[in-house]
Amino acid sequence: MGTDFTGLFNEWAQTYDQTVTGGDIQYKEVFRFYDEILNEVVQHSKGNVVEFGVGTGNLSKRLLESGLSVTGIEPSIKMREKAAEKLPALTLLTGDFLSFPPLQNDVDSIVSTYAFHHLTDEEKGTAFHLYKELLSKNGRIVFADTTFETEEKKQQMIQIAEDKGYNRLAEDLRSEFYTTLPTLSQIAEDAGFCISFKPLNQFVWLFVAEKLNK
Ligand SMILES: C[S@@+](CC[C@H](N)C(=O)[O-])C[C@H]1O[C@@H](n2cnc3c(N)ncnc32)[C@H](O)[C@@H]1O
């Protein structure tokens, strides 16, 4: 695994579901339309699904409800406990985007929300190459995460956060590995995927990367 964020998420697990429903003013816009964002990911998912960074299980719940088979992978023990409380039937493994136990089924969709930015851009590239091998023919990656159209746009959003006195958000945007659409396009192309993007709120973009079979 790359940078280890599990301490942070073990602490956040208790109150995480309050944050996603707008309980933290600094993150309100990041989580705006949270339900719709999860639904959008579900709509693009198919077959046997592997979900990374399940957190408290909010996306897993919707995937299961829509009849998909789901294996969840999550590094934080406290997050796994929260998800298991909500979803006792969910197959939940300890692991992260780059390192996880062997998976049993053919994988048709690899999905994630609000988590891929924990990898550096180099690690994101490693992950896409790994997923190309893991995915079945016509498999896809479906991620929603904070991403910026350009580096300038990212700096603007950090400045806006600072101007509002949202110092935790500004520091988060500066210190974690939030990337840009052109960088993701390059990563996907290099790994053999065709990627498309859709904005879901001021911060979050949906990206769907279809495996090219050549
Ligand atoms: C902001 S939460 C998102 C939780 C959930 N997916 C959602 O949309 O509400 C980020 C999650 O990613 C997990 N995470 C952190 N680093 C990770 C990594 N390298 N690989 C996979 N998951 C990671 C955290 O433990 C946390 O549960």
Side-chain angles (χ1 to χ4, degrees), residues 1-24 26-45 49-65 68 70-87 90 92-101 103 107 109-128 130-131 134 141-147 168-169 171-173 175-179 200-201 203-207:
M1 166 154 156
T3 313
D4 188 355
F5 292 94
T6 47
L8 170 75
F9 284 103
N10 281 338
E11 274 176 34
W12 198 6
Q14 276 307 325
T15 57
Y16 182 76
D17 282 345
Q18 291 157 29
T19 307
V20 301
T21 48
D24 181 341
Q26 296 204 17
Y27 281 84
K28 204 173 169 114
E29 291 307 317
V30 175
F31 288 104
R32 186 171 291 280
F33 310 128
Y34 179 72
D35 288 341
E36 290 82 354
I37 288 170
L38 302 190
N39 288 341
E40 187 88 31
V41 170
V42 173
Q43 276 164 27
H44 286 85
S45 303
V49 177
V50 171
E51 181 192 352
F52 286 102
V54 304
T56 59
N58 296 330
L59 174 63
S60 336
K61 181 165 184 286
R62 284 158 201 255
L63 290 163
L64 289 170
E65 283 169 356
L68 295 162
V70 185
T71 299
I73 298 177
E74 166 59 52
S76 152
I77 183 171
K78 294 291 177 195
M79 286 292 194
R80 285 199 305 279
E81 283 171 9
K82 280 278 166 199
E85 264 170 38
K86 268 187 212 168
L87 304 166
L90 176 68
L92 198 47
L93 306 177
T94 306
D96 60 67
F97 279 109
L98 295 177
S99 168
F100 43 86
L103 300 168
V107 179
S109 308
I110 294 179
V111 310
S112 181
T113 48
Y114 290 94
F116 200 45
H117 63 271
H118 294 304
L119 300 192
T120 64
D121 285 345
E122 192 182 347
E123 289 167 338
K124 290 182 184 89
T126 305
F128 265 60
L130 185 61
Y131 303 159
L134 202 61
I141 297 168
V142 187
F143 286 176
D145 198 11
T146 292
T147 312
R168 280 181 292 114
L169 174 61
E171 182 52 23
D172 177 7
L173 294 176
S175 62
E176 297 197 12
F177 309 116
Y178 298 100
T179 197
L200 299 177
N201 68 24
F203 290 86
V204 175
W205 286 74
L206 173 77
F207 38 108

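Atoms within a ligand are numbered from 1 in the order they appear, just like the ligands themselves. Quick caveat: nothing in here was measured; it's all calculated off a predicted structure. Computed over heavy atoms, backbone and side chain alike; hydrogens, waters and symmetry mates excluded.
- Below 3.5 Å of separation, one finds no N or O of Leu38 facing any N or O of ligand 1.
- To the nearest 0.5 Å, the span separating OH on Tyr131 from CD1 on Ile141 amounts to 7.5 Å.
- With distances taken over non-hydrogen atoms, the option nearest atom 17 (C) of ligand 1 out of Gly95, Pro75, Gly53 is Pro75.
- By the 3.5 Å distance cut-off applied to N or O atoms, Glu74 is counted among the residues near ligand 1.
- The only member of Thr94, Thr6, Asn10 that meets side-chain hydrogen bond (donor to acceptor under 3.5 Å, both in side chains) when paired with Ser76 is Asn10.
- For the atom pair CG of Leu93 and CG of Leu103, the computed distance is 7.0 Å after rounding to the nearest 0.5 Å.
- Of the polar atoms of His118, none of the N or O atoms is found under 3.5 Å from an N or O of ligand 1, judged by distance alone.
- Between the CG atom in Leu59 and the CG atom in Asp35 there is a gap of 11.5 Å [rounded to 0.5 Å].
- Near Ser76, the atoms of ligand 1 lying under 4.0 angstrom from a non-hydrogen atom of the residue are 25 (O).
- By the side-chain hydrogen bond (donor to acceptor under 3.5 Å, both in side chains) test, Lys82 is found to be paired with no residue, residues two or more places apart in sequence or in another chain being considered.
- Per-residue contacts place Ala115 under 4.0 angstrom from the following atoms of ligand 1 (heavy atoms of the residue considered): 12 (O).
- Remark: side-chain polar atoms of Thr120 are paired, donor with acceptor, to backbone N or O of Glu123 under 3.5 angstrom.
- Near Tyr34, meaning under 4.0 Å from one of its heavy atoms, ligand 1 places the atoms 7 (C), 8 (O), 9 (O).
- The distance criterion of under 3.5 Å between nitrogen or oxygen atoms is not met by Asp96 with respect to ligand 1.
- The distance from the OG1 atom of Thr179 to the NE2 atom of His117 is 12.0 Å, given to the nearest 0.5 Å.
- Assignment of Leu59 to the shell around ligand 1 is not supported, since no heavy atom sits closer than 4.0 Å.
- Note: no N/O pair closer than 3.5 Å links Phe9 and ligand 1 by distance alone.
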